Novice: 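Could you have a look at this structure, given as structure tokens, before my questions?
Remember, it's a predicted structure, so these values are computed and weren't measured experimentally. Labels below follow one simple rule: chain letters A, B, ... track the order of the sequence lines, proteins then strands, and each chain is numbered from 1.
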Protein chains: 2
Amino acid sequence: MTTPAKWLSAEQLRAWKGLSLMQLQLQARLGRRLAEHGLSYQDYLVLATLSDQPDGRRRVVELSDELGWEKSRLSHHITRMCERGLVNKVPCPSDQRGIFVILTDEGRSTLSLAAPDHVDDVQRYFFRHLSTSQVATLARIADTVLENLAADALDA
Amino acid sequence: MTTPAKWLSAEQLRAWKGLSLMQLQLQARLGRRLAEHGLSYQDYLVLATLSDQPDGRRRVVELSDELGWEKSRLSHHITRMCERGLVNKVPCPSDQRGIFVILTDEGRSTLSLAAPDHVDDVQRYFFRHLSTSQVATLARIADTVLENLAADALDA
DNA sequence: CGCCTTCTGTTGAAATTTCATCTAATCACG
DNA sequence: CGTGATTAGATGAAATTTCAACAGAAGGCG
């Protein structure tokens with residue numbers, strides 16, 4: 001064969017374009033609802049990630065990994081969320097460089113107000129249209145692709 | 001059960017988070033390569049969309065639909081790409097409000113230089129890890145979700 | 001026609017994100 | 001221990017994206 005693939009097939013193109021368009025539209029839609037609670041979609045992600053932890057705290061670097069955000073972006077964002085009273089920053093005892101980001105009471109209550117509507121939207125606009133096996137396929141695809149990206153990043 | 005779904009299942013969560021993380025990382029990776037050709041990922045999308053058309057031209061409103069960008073974002077972006085000489089703007093004869101965005105020779109050649117590397121990356125980092133049926137599933141999911149979002153936007 | 005509504009695209013300011021750089025702390029290792 | 005390399009996070013300026021408001025053109029309908 002010449003090369004593995006000179007271009008994308010029609011089906012690949014449909015999947016590729018569709019996926020990013022879907023992501024954009026979905027995010028826009030979800031953001032519109034979250035705005036009613038005074039949160040951006042990004043704010044929500046941060047709050048939700050913090051609340052995954054029982055003590056509502058995460059190292060900045062952990063958040064950065066989980067969300068896939070550059071550290072600078074996260075740092076700026078956390079600063080702004082701090083000013084709004086949604087989170088706090090406290091130094092990490094075991095690593096003097098580290099910072100814990102912690103949910104404030106207000107952050108927690110804002111999240112708990114927004115979450116039901118948000119989850120409802122995610123179900124309505126996304127999962128409602130997917131079969132169980134489709135969901136499983138998505139999860140597996142994401143894991144596989146991410147694993148390979150990570151592996152590739154090591155030797156590169 | 002209480003309500004249809006109070007929260008997301010573990011598998012749903014895995015799919016949901018994985019999908020957006022994948023998108024972010026993928027985009028970052030692809031962007032890094034495109035930067036070698038002096039293009040951002042966004043630039044590439046615009047150029048590629050224009051080059052889909054035989055005459056390399058699109059109405060701004062068409063681009064906005066295809067890319068899912070807000071018109072203001074697109075307007076600013078086109079302006080900047082104009083200044084860099086990648087595209088031109090010409091008024092649309094049949095609709096005095098309309099603007100055609102057109103690939104310049106430089107835009108076309110920049111794209112043709114960047115495209116092979118980019119397509120290669122998309123294959124390497126994404127499609128390489130997917131079976132044919134997984135690709136088909138992705139395409140169908142995106143279409144379905146987008147259709148329902150569009151339908152929902154009408155009566156809302 | 002005249003009026004009202006919708007559509008297209010632009011604009012400038014504000015908010016967000018990126019980029020390069022910097023400081024301090026940890027780590028690896030002789 | 002000491003030194004050089006790496007890591008965590010912050011910072012300010014530049015680039016990008018959003019938001020609200022706007023102007024002109026089309027379209028609908030009396």
Side-chain angles (χ1 to χ4, degrees), chain A residues 20 23-25 27-36 38-46 57-84 86-102 153-154, chain B residues 20 23-25 27-32 34-36 38-46 57-84 86-102 153-154 156:
Chain A
S20 56
Q23 209 92 321
L24 271 181
Q25 310 279 41
Q27 202 150 314
R29 170 75 55 162
L30 298 173
R32 239 169 286 149
R33 173 97 46 166
L34 286 168
E36 298 171 9
L39 294 176
S40 69
Y41 183 65
Q42 287 79 3
D43 295 333
Y44 183 89
L45 290 179
V46 171
R57 76 173 53 195
R58 286 282 167 116
R59 284 285 298 273
V60 170
V61 68
E62 293 173 323
L63 281 175
S64 169
D65 282 348
E66 286 231 8
L67 299 173
W69 291 9
E70 300 197 358
K71 58 187 182 174
S72 175
R73 174 186 182 182
L74 187 55
S75 180
H76 284 300
H77 203 100
I78 295 297
T79 299
R80 290 189 300 261
M81 291 181 75
C82 255
E83 286 163 2
R84 291 197 284 150
L86 295 168
V87 299
N88 273 332
K89 289 190 280 193
V90 307
C92 168
S94 67
D95 184 340
Q96 296 290 106
R97 298 167 301 179
I99 295 285
F100 276 115
V101 184
I102 311 187
L154 287 184
Chain B
S20 55
Q23 210 93 321
L24 271 180
Q25 310 279 42
Q27 203 151 316
R29 170 74 56 163
L30 298 173
R32 239 167 288 149
L34 287 168
E36 298 170 8
L39 294 176
S40 69
Y41 184 65
Q42 287 78 5
D43 295 334
Y44 183 89
L45 291 179
V46 171
R57 75 172 55 195
R58 285 282 167 115
R59 282 285 299 272
V60 170
V61 69
E62 293 172 323
L63 280 176
S64 169
D65 282 349
E66 285 230 8
L67 298 173
W69 291 9
E70 299 198 358
K71 59 188 182 174
S72 175
R73 174 186 182 183
L74 186 56
S75 179
H76 284 300
H77 203 100
I78 296 296
T79 299
R80 290 189 299 262
M81 291 181 76
C82 255
E83 286 161 3
R84 291 196 284 150
L86 296 168
V87 299
N88 274 332
K89 289 190 280 194
V90 307
C92 168
S94 67
D95 183 340
Q96 297 289 107
R97 299 167 299 179
I99 294 286
F100 276 115
V101 183
I102 313 187
L154 287 185

Novice: For A:Gln42 and for A:Arg97, locate the closest nucleotide of DNA chain C by heavy-atom distance; then report the residue assigned to the nucleotide nearer the 5' terminus.
Specialist: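 Per heavy-atom nearest nucleotide, the more 5' residue is A:Gln42.
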Novice: Describe the nucleic acid contact of B:Arg59 in one word from base, sugar-phosphate, nothing, applying a heavy-atom distance below 4.0 Å.
Specialist: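 B:Arg59: backbone/sugar contact only, no base atoms under 4.0 Å.
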Novice: Suppose the criterion is side chain to side chain donor-acceptor pair (under 3.5 Å): which pairs have a residue in residues 67-80 of chain A, not counting sequence neighbours?
Specialist: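 Counting only pairs at least two positions apart or across chains, the side chain to side chain donor-acceptor pair (under 3.5 Å) contacts touching residues 67-80 of chain A are A:Asp43-A:His77, A:His77-A:Arg80.
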Novice: Considering all heavy atoms of both residues, which atom of A:Leu24 and which atom of B:Gly68 are nearest to each other, and what is their separation?
Specialist: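 Heavy atoms only, the tightest pair is CD1-O, 3.8 Å.
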Novice: Taking the nucleotide of DNA chain D with the closest heavy atom to each, which residue, A:Glu62 or B:Glu70, is nearer the 5' end?
Specialist: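 Mapping each residue to its closest nucleotide by heavy atoms, the 5'-most match is A:Glu62.
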Novice: To the nearest Å, give me how far apart NZ (A:Lys89) and P (D:dA8) are.
Specialist: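 Computing the A:Lys89:NZ to D:dA8:P distance gives 16 Å.
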Novice: I need the CG-P distance between A:Asp43 and D:dT18, as an integer number of Å.
Specialist: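 Distance check: A:Asp43 CG to D:dT18 P gives 14 Å.
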Novice: Please work out if A:His77 contacts a base, only the sugar-phosphate, or nothing of the nucleic acid, heavy-atom cut-off 4.0 Å.
Specialist: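 Result for A:His77 = sugar-phosphate.
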Novice: Rounding to an integer number of Å, can you tell me how far B:Leu74 CG sits from D:dC19 P?
Specialist: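 After rounding, the gap between these two atoms is 16 Å.
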Novice: Counting only side-chain heavy atoms from C-beta out, which of D:dA26, D:dT11, D:dT18 sits nearest to A:Ser75?
Specialist: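 Of the options given, the side chain of A:Ser75 lies nearest D:dT11.
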Novice: Applying side-chain contact (heavy atoms from CB on, under 4.5 Å), can you list everything that pairs with B:Val61, at least two apart in sequence or on another chain?
Specialist: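 side-chain contact (heavy atoms from CB on, under 4.5 Å) check on B:Val61 returns B:Arg59.
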Novice: By nearest atom, which of the nucleotides D:dT11, D:dA20, D:dG9 is closest to the A:Lys71 side chain?
Specialist: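 When the side chain of A:Lys71 is considered, D:dG9 is the closest of D:dT11, D:dA20, D:dG9.
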Novice: Would you give the length of the straight line joining atom CZ of B:Arg84 to atom CG of B:Leu39, rounded to the nearest 0.5 angstrom?
Specialist: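 Those atoms lie 6.5 Å apart.
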Novice: Could you tell me whether the side chain of B:Ile78 reaches within less than 4.5 Å of the side chain of B:Leu63, counting heavy atoms only?
Specialist: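 Contact flag for B:Leu63/B:Ile78 side chains = yes.
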Novice: Rounding to an integer number of Å, can you tell me how far A:Arg80 CZ sits from D:dG12 P?
Specialist: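 So the CZ-P distance, A:Arg80 to D:dG12, works out to 14 Å.
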Novice: Do B:Met81 and B:Lys89 pass the side chain to side chain contact (heavy atoms under 4.5 Å, CB included) test, and can you show the C-alpha distance, the side-chain angles, and the key distance before you say yes or no?
Specialist: CA-CA 10 Å; B:Met81 291 181 76; B:Lys89 289 190 280 194; over 6 Å; no
Novice: Check every nucleotide of DNA chain C for an atom under 4.0 Å from a heavy-atom of chain A, then give the first and the last such nucleotide from 5' to 3'.
Specialist: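 Boundary nucleotides touching chain A, in 5' to 3' order, are C:dT16 to C:dT26.
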Novice: Starting at CG of B:Asn88, measure out to CZ of B:Arg57 and round the result to the nearest 0.5 Å.
Specialist: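 Atom-to-atom, B:Asn88:CG and B:Arg57:CZ are 10.5 Å apart.
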Novice: Distance check needed: D:dG9 P versus A:Leu63 CG, whole Å only.
Specialist: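 Rounded to the whole Å, the gap is 9 Å.
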